[in-house]
Chemist: 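Got a structure for you, written out below as structure tokens; questions coming shortly.
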Amino acid sequence: MADASPPRATPSDAGSDSARSSASAEPRPVSATDNADVNRPAKRARPDDEADGESETRAPPSPRRKPAPPTPLPPTLFGEAVVPDIHREVLDFVYGILQANAHVLESRPHAAVEVEAKLGRLVDKRTGRRLDLPVSCETVVRLPAGVVRFESDMSMPQHRHFNGVLNQLVERRVLAYTHTREIDRFHAVGTRQGDRVRVTTDALAGTPLATIRKTRLDSIDVFVPRAPLDYRVSVSLEEPVDASTALGHADTRERHKDRISYRHRLVQVDLTQVQSLPVGTPWGSPAAVAASKTGDGVSHELEVEFVDAASSILAEKRALDAGKPSKFQENVVHLVNNVRMLADKARRM
């Protein structure tokens, strides 16, 4: 019986097409003509199976889903922002002073509340030099008055530096400014220490501008070791006094103030050169010019205060006390951050 198994390829057959086909490791694709059922109709071609360029219909690409934005990181595990200690200290101070003097405000309805922050230096009275504490960040200082004093003064180069920094903001239309020249004379009044009446006149025209009784309620001092200047935040009352009111004994010296006021939305920065001169010294007189050149009796001051503390502080405190939405904290922090930023600017001289 003949062997039905296919013949093996022999070396003589290796060059033939059939031998090469049988020896291939990969099977050859089967065509329709190789199919045993040659009469079966060919499978209908789908558009995707058509030759490149023959079909003008293409399925639209699948829209790519944009990745979801990352969830914002909460300020803390509890979802609440931390109030920095320096903000909390000043907030508690301002609120506490207003609360403790509520009866004074009621008894003096025409008095305006003034909340201001001044740059200066905390001076150790024992050494006569700037206070030196073993701390590396802003610190509220509560030392006896006999140990430390606050000097609201700076050097002429620092004054010039701040003048340039603030003028740049005027050029960028961030601030508006006014330039005034005034003379202050002071009269003692009442029994409370620090109570004085200030009579202010226009230095050039000689016309009276205001007669104000100023009462300092309290202040808080902040030592800034990373900057050359510290600052003091104080709360005072300023009450208009009728010009016809008899005033007490006048000081023997007066203050000549050359001031540029830079006004922002909520606060105002006053940069002032002050000369302490004998009462009656004319503005710009040879004596005043000579004192200015030598620096005798000359100081340079920078303070930040609310443009309208009645609405920015008092009204917002009343809303806070009533449990209503209030910007008391936001406004006080705004004042503090501005004086902190100015102190930092002095470090960058």
Chemist: Among K118, R340, R130, R149, which residue meets the salt bridge (Lys or Arg N to Asp or Glu O under 4.0 Å) test with D230?
Modeler: R130
Chemist: Is the closest basic N to carboxylate O distance between E316 and K327 below 4.0 Å?
Modeler: no
Chemist: Could you give me the CA-CA distance, side-chain angles and deciding distance for V123 and K125, then say whether side-chain contact (heavy atoms from CB on, under 4.5 Å) is met?
Modeler: CA-CA 6 Å; V123 177; K125 290 183 177 180; 5.8 Å; no
Chemist: Side-chain heavy atoms nearer than 4.5 Å, only ILVMFWY residues, links allowed to pass through others: does that put L229 and V141 together?
Modeler: no
Chemist: Hydrogens and angles aside, do E138 and Y231 bring a side-chain donor and acceptor to less than 3.5 Å of each other?
Modeler: yes
Chemist: Evaluate the side-chain proximity of T207 to T201: yes if any heavy-atom separation is below 4.5 Å, no if none is.
Modeler: no
Chemist: In this structure, would V336 and F328 fall into the same cluster of hydrophobic residues linked by side-chain contacts under 4.5 Å?
Modeler: yes
Chemist: Determine whether V274 and Y262 fall in the same hydrophobic cluster, where Ile, Leu, Val, Met, Phe, Trp and Tyr are linked whenever their side-chain heavy atoms lie under 4.5 Å apart.
Modeler: no
Chemist: For the side chain of D153 and the backbone of H300, is there at least one donor-acceptor N/O pair under 3.5 Å apart?
Modeler: yes
Chemist: Name the one of L335, N331, N338 that satisfies side chain to side chain contact (heavy atoms under 4.5 Å, CB included) with L266?
Modeler: N331
Chemist: State, with a plain yes or no, whether a side-chain heavy atom of E305 is found less than 4.5 Å away from one of E114.
Modeler: yes
Chemist: To the nearest 0.5 Å, what is the distance between CG (N337) and CG (D344)?
Modeler: 11.5 Å
Chemist: Does the Q158 side chain pair with the main chain of S155, one donor and one acceptor, at a distance under 3.5 Å?
Modeler: yes
Chemist: Which heavy atom of A343 sits nearest to which heavy atom of P228, and what is that distance?
Modeler: O-CD, 4.4 Å
Chemist: Return the minimal non-hydrogen interatomic distance between S136 and P225, and the atom names on each side.
Modeler: C-CG, 3.6 Å
Chemist: Can you tell me how far apart CD1 (I260) and CG (L302) are? Round to the nearest 0.5 Å.
Modeler: 11.5 Å
Chemist: Decide side-chain contact (heavy atoms from CB on, under 4.5 Å) for L271 and N163; before the verdict, give the C-alpha distance in whole Å, the side-chain angles of both, and the deciding distance to 0.1 Å.
Modeler: CA-CA 7 Å; L271 183 63; N163 187 214; 3.8 Å; yes
Chemist: Counting only N and O atoms by type, is there a donor-acceptor contact under 3.5 Å from the side chain of N101 to the main-chain atoms of V104?
Modeler: no
Chemist: Please examine the side chains of H159 and Q273, heavy atoms only from C-beta on, and report whether any two atoms are closer than 4.5 Å.
Modeler: yes
Chemist: Would you call R88 and D92 a salt bridge, using N to O less than 4.0 angstrom?
Modeler: no
Chemist: Is I97 reachable from L237 through a run of I, L, V, M, F, W or Y residues, each pair having side-chain heavy atoms under 4.5 Å apart?
Modeler: yes
Chemist: Would you say F93 and V140 make side-chain contact, with heavy atoms under 4.5 Å?
Modeler: no
Chemist: Kindly say whether A288 contributes a backbone atom to a donor-acceptor pair with the side chain of Q275 at under 3.5 angstrom?
Modeler: yes
Chemist: Is it the case that the side chain of T139 and the backbone of V135 share a donor-acceptor pair, with hydrogens and angles ignored and the cut-off at 3.5 Å?
Modeler: no
Chemist: Is the shortest distance from a Lys or Arg side-chain nitrogen in E239 or K214 to a carboxylate oxygen in the other one below 4.0 Å?
Modeler: no
Chemist: If I take atom OG from residue S234 and atom CZ from residue R216, how far apart are they, to the nearest 0.5 angstrom?
Modeler: 7.0 Å
Chemist: Is the shortest heavy-atom distance from the side chain of V304 to the side chain of L342 under 4.5 Å?
Modeler: yes
Chemist: What's the separation between atom OG in S261 and atom CD in E303, rounded to the nearest 0.5 Å?
Modeler: 8.5 Å
Chemist: Sub-3.5 Å donor-acceptor pair from the side chain of H87 to the main-chain atoms of V332, do we have one?
Modeler: no
Chemist: Which atom pair, heavy atoms only, marks the closest approach of A309 to V113?
Modeler: CB-O, 3.1 Å
Chemist: Without swapping roles, check the side chain of D308 against the backbone of A310 for a donor-acceptor pair under 3.5 Å.
Modeler: yes
Chemist: Is a side-chain donor or acceptor of S107 paired with a backbone partner of H103 at a separation under 3.5 angstrom?
Modeler: yes
Chemist: Would you say the side chain of V269 lies within less than 4.5 Å of the side chain of F162, judging by non-hydrogen atoms?
Modeler: no
Chemist: Taking the six-membered ring of F186, is the NZ or CZ of R196 close enough (under 6.0 Å from the centre) and on axis enough (within 45°)?
Modeler: yes
Chemist: Show the nearest heavy-atom pair for residues A203 and I183, with the distance to one decimal.
Modeler: CB-CG1, 3.9 Å
Chemist: In Å and rounded to the nearest 0.5 Å, what is the CZ to CZ distance from R232 to F150?
Modeler: 6.0 Å
Chemist: Could you check L314 against L105 for side-chain contact (heavy atoms from CB on, under 4.5 Å), going step by step and ending with a plain yes or no?
Modeler: CA-CA 10 Å; L314 292 183; L105 297 175; 4.2 Å; yes
Chemist: When you check the gap from the basic side-chain N to the acidic O, do R126 and D124 get nearer than 4.0 Å?
Modeler: yes
Chemist: Return yes if some donor-acceptor pair links the side-chain N/O of T127 with the main-chain N/O of R129 below 3.5 Å, else return no.
Modeler: yes
Chemist: Within this structure, what is the NZ-CD distance for the pair K257 and E182, rounded to the nearest 0.5 Å?
Modeler: 5.0 Å
Chemist: Give the minimum heavy-atom separation between L131 and F223, together with the two atoms involved.
Modeler: O-CE1, 3.3 Å
Chemist: Shared ILVMFWY cluster between I212 and F306, side chains joined below 4.5 angstrom?
Modeler: no
Chemist: Can you list the steps and then say if V199 with D184 is a side-chain contact (heavy atoms from CB on, under 4.5 Å)?
Modeler: CA-CA 6 Å; V199 179; D184 289 342; over 6 Å; no
Chemist: Which pair of non-hydrogen atoms, one from D270 and one from Q268, has the smallest distance, and what is that distance?
Modeler: OD1-NE2, 2.9 Å
Chemist: If you define the side chain from C-beta out and look only at heavy atoms, does anything of H334 sit under 4.5 Å from H264?
Modeler: yes
Chemist: Is it true that a side-chain atom of R263 and a backbone atom of Y177 form a donor plus acceptor pair closer than 3.5 Å?
Modeler: no
Chemist: Is K324 close to R318 at the side-chain level, that is, under 4.5 Å between some pair of heavy atoms?
Modeler: no
Chemist: Taking atom CZ as the centre, does R226 end up with more than 12 heavy-atom neighbours from other residues, nucleotides or ligands that are less than 6.0 angstrom away?
Modeler: no
Chemist: Parallel, tilted or perpendicular: which describes the rings of H256 and W283, with under 30° parallel and over 60° perpendicular?
Modeler: parallel
Chemist: Quick one: which of T180, T178, T272 gives a side chain to side chain donor-acceptor pair (under 3.5 Å) with R259?
Modeler: T272
Chemist: Are more than 12 heavy atoms from other residues, nucleotides or ligands located less than 6.0 Å from atom CG of D202?
Modeler: yes
Chemist: Counting only heavy atoms from other residues, nucleotides and ligands, does the tally under 6.0 Å from CE of M341 exceed 12?
Modeler: no
